[in-house]
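To keep things clear, I will list the structure first and then write my remarks on it.
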Amino acid sequence: MSRERPAERSERVFRLFARYAARYFRRHMHALRLARWGRPPQATEGRPLVAYSNHPAWWDAMVYILLADRLFPERRAHAPMDAAMLERYRIFRRLGAFPVEPDSAAGAAAFLREARRLLADPATLMFVSAPGRFVDVRTRPQGVKAGVARVPELAPDAVLVPLAIDFVFWEERKPEALIAFGAPLDGSALAALPRDERRVRLEDALHATMDRLQADAEARDPAAFESLLASTAGVGGLYALHRLRGMGLNVRVL
């Protein structure tokens, strides 16, 4: 029965955890970078917002929290989470997570009920993984779960926006987290489409956003991004040794 409880988000707990998440992120990542062309959609006030993303890694949940805190402070963020994991890490209920049973009809129905309830509030921001499982960023198609494609039916006044996430290594010892939002999609226009066509429309928009972000990742140009969060640590390993040698220090690799 506990798995059926709705989200129990606490604003105070969320803000405290967001500060912890930022510190944790800085220890393990070099930067969280937002593509300059991929800023969040504007003029969405008064309408619920659904950011549906690819799902490349465990870090995605942390990225959701940081984006909600830094880009959408006026909204109440929520996200579905595997019910078994949520039982183990109940703190995530206070962060806005709600339980779903993956790959089951009952789980899909529970997701739709809670999504309908939350998206009735125009201040809601919902993050949701489009494929519902880990998928490599290079895989096509990524897949869009049937429940995600049903969201426009539940909340036709919502705005759906694709969110591309990637993790890459550039010149630093730690990886870069790269993100970009795509062009927003009107919920009522999506709801008017047949479900199969709607899933294709959502997936195509996500692929287009991912492809453009991948091109920027391959270009390895930090100037193409806005830094939302950065580590103070510099490069390590052999790059650090080269810098020391450049300072006139005799350093050998054993």
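Quick note: numbers below take in every heavy atom, side chains included, and nothing from hydrogens, waters or symmetry partners. The residues of the chain are indexed from 1 along the displayed sequence.
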Could you check whether Ser129 and Tyr52, counting side-chain N and O atoms only, form a donor-acceptor pair closer than 3.5 Å? no

With side chains defined as the heavy atoms from C-beta onward, is the minimum distance between Leu163 and Val63 less than 4.5 Å? no

Counting only heavy atoms not in Gln42, do more than 12 fall under 6.0 Å of its CD? no

Just by distance, with hydrogens left out, do Thr44 and Arg75 show a side-chain donor and acceptor under 3.5 Å apart? yes

The reported gap from CG in Asp166 to CD in Gln214 (rounded to nearest 0.5 angstrom) is 7.0 Å

How are the rings of Phe181 and Phe72 set relative to one another: parallel (under 30°), tilted (30 to 60°) or perpendicular (over 60°)? perpendicular

Counting heavy atoms not belonging to Arg47, are there more than 12 under 6.0 Å from its CZ? yes

Go through the steps for Arg15 and Glu11 under the test salt bridge (charged side-chain N to carboxylate O under 4.0 Å, His left out), then give the verdict. CA-CA 6 Å; Arg15 296 303 169 192; Glu11 190 66 26; 2.7 Å; yes

Asp221 atom CG, neighbour heavy-atom count above 12 within 6.0 Å: yes

Going by heavy atoms in the side chains, are Phe225 and Leu34 under 4.5 Å from each other? no

Just verifying a value: how many Å separate Arg19 CZ and Phe14 CZ, rounded to the nearest 0.5 Å? 13.0 Å

Would you please classify the geometry between the Tyr89 ring and the Phe92 ring as parallel, tilted or perpendicular, with 30° and 60° separating the classes? perpendicular

Picking from Asp121, Asp157, Leu160, what satisfies side-chain contact (heavy atoms from CB on, under 4.5 Å) with Pro48? Asp157

Using the salt bridge (charged side-chain N to carboxylate O under 4.0 Å, His left out) rule, take Asp211 and Arg140 through it: C-alpha gap first, then chi angles, then the decisive distance, then the call. CA-CA 10 Å; Asp211 290 345; Arg140 299 290 185 275; 2.5 Å; yes

Does the side chain of Glu226 come within less than 4.5 Å of Arg39's, by heavy atoms? yes

Can you label the angle between the Phe25 ring and the Trp59 ring as parallel, tilted or perpendicular, going by 30° and 60°? perpendicular

